[in-house]
Amino acid sequence: MSIPPDDFFNFTLHVRDNCLCLHVQRAARALARRFDEAFRSLGITHGQFSLLNALNRPQPASMTSVSTLLAMDRTTLTANLKVLERKGLVKIAVDTEDRRSRKLSLTPGGRTLLQAAAPIWKKEHAAIERMLERPNADQLRSGLVTLS
């Protein structure tokens, strides 16, 4: 179904006002900026916080489990891990059962930084949830999980 040329600008306005992808991307960028600013005093970004949090496990994590959790391809994950490894926050070790695989874990410094970041995340997250009236935070979260 084609759109008549004289109606095409109205289509553009419709997309601007209704496109779920556009609005999710805009919200994601705004949230990323907000959390980047909140974590600036700790010297990390929101993405690094998420990665550190994903590694906060009783046992070292596999690359696959972390990349799946963060919806991140392995190449991007590896690049992000290297930064945290250079900062002494993450340990990347050869898997003793499969030498082709890597096991990922927080260092004591990574755990300490994550503990320092937790109250910052809680404060910012609570402020954002208070901004949401309709849908409420649980409905929004449920919808986004469904989409992801």
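Source: prediction; values computed, not measured.
Between the side chain of Arg99 and the main chain of Thr96, no donor-acceptor pair closer than 3.5 Å is present. Formation of a donor-acceptor pair under 3.5 Å by the Lys87 side chain with backbone atoms of Gly43 is found in this model.
Heavy atoms only, all atoms of each residue included: Glu37 and Arg40 are closest at OE1-NH2, 2.8 Å.
The environment of Lys91 atom NZ is sparse: at most 12 non-hydrogen atoms of other residues, nucleotides or ligands sit within 6.0 angstrom. Counting heavy-atom neighbours within 6.0 Å of His23 NE2, excluding the residue itself, gives a total above 12.
Separating the CG atom in Asn18 from the CZ atom in Phe11 is a distance of 10.5 Å, to the nearest 0.5 Å. Here Asp36 contributes atom CG and Arg29 contributes atom CZ; the two are 13.5 Å apart, rounded to the nearest 0.5 Å. Rounding to the nearest 0.5 Å places CZ of Arg111 at 7.5 Å from CD of Gln115. Separation of atoms CD (Gln25) and CG (Leu22) is listed at 6.5 Å; rounding is to 0.5 Å.
Side-chain contact between Leu51 and Val66 is present, with at least one heavy-atom pair separated by less than 4.5 Å. At a threshold of 4.5 Å between non-hydrogen side-chain atoms, the residues Gln48 and Val83 count as touching.
Checked options Ile92, Leu104, Thr107; the residue passing with Glu85 is Ile92 (criterion: side chain to side chain contact (heavy atoms under 4.5 Å, CB included)). The side chain to side chain contact (heavy atoms under 4.5 Å, CB included) with Leu114 is formed by just one residue from the set Ile44, Leu55, Leu42, Asn56; it is Asn56.
For the 3.5 Å distance criterion, the side chains of Asn53 and Ser50 fail to qualify, holding no donor opposite an acceptor. There is no side-chain donor-acceptor pair under 3.5 Å between Thr68 and Ser65.
Neither Phe9 nor Val15 shares a network with the other; the hydrophobic side chains, linked directly or stepwise wherever heavy atoms of I, L, V, M, F, W or Y lie under 4.5 Å apart, form separate groups for each. Under a hydrophobic clustering in which Ile, Leu, Val, Met, Phe, Trp and Tyr are joined whenever their side-chain heavy atoms come within less than 4.5 Å, directly or via other members, Leu31 and Met72 fall into the same cluster.
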Q: Evaluate side-chain contact (heavy atoms from CB on, under 4.5 Å) for Leu52 paired with Leu84, printing each intermediate quantity in order.
A: CA-CA 9 Å; Leu52 291 171; Leu84 295 176; 4.0 Å; yes

Q.
Run the side-chain contact (heavy atoms from CB on, under 4.5 Å) test on Met63 and Leu81 for me, step by step, so that the C-alpha distance in whole Å, both residues' side-chain angles and the decisive distance to 0.1 Å come before the verdict.
A. CA-CA 10 Å; Met63 293 279 287; Leu81 284 166; 3.7 Å; yes

Q) Going through the checks in order, is the side-chain contact (heavy atoms from CB on, under 4.5 Å) test met by Lys122 and His125? A) CA-CA 5 Å; Lys122 284 181 179 183; His125 202 268; 5.9 Å; no

Q: Give the C-alpha distance, both sets of side-chain angles, the deciding distance and a yes or no for side-chain hydrogen bond (donor to acceptor under 3.5 Å, both in side chains) between Thr64 and Ser67.
A: CA-CA 5 Å; Thr64 301; Ser67 65; 5.2 Å; no

Q: May I have the step-by-step check of side-chain contact (heavy atoms from CB on, under 4.5 Å) for Ile120 and Lys123, ending in yes or no?
A: CA-CA 5 Å; Ile120 294 170; Lys123 178 182 175 224; 5.9 Å; no

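Relative ring orientation between Phe49 and Phe39 is described as parallel, the plane-to-plane angle staying below 30° on a 0-90° scale split at 30° and 60°.
Ion pairing of Glu124 with Arg34 is present here, as a side-chain N (NZ or NE/NH1/NH2) and a carboxylate O approach within less than 4.0 Å.
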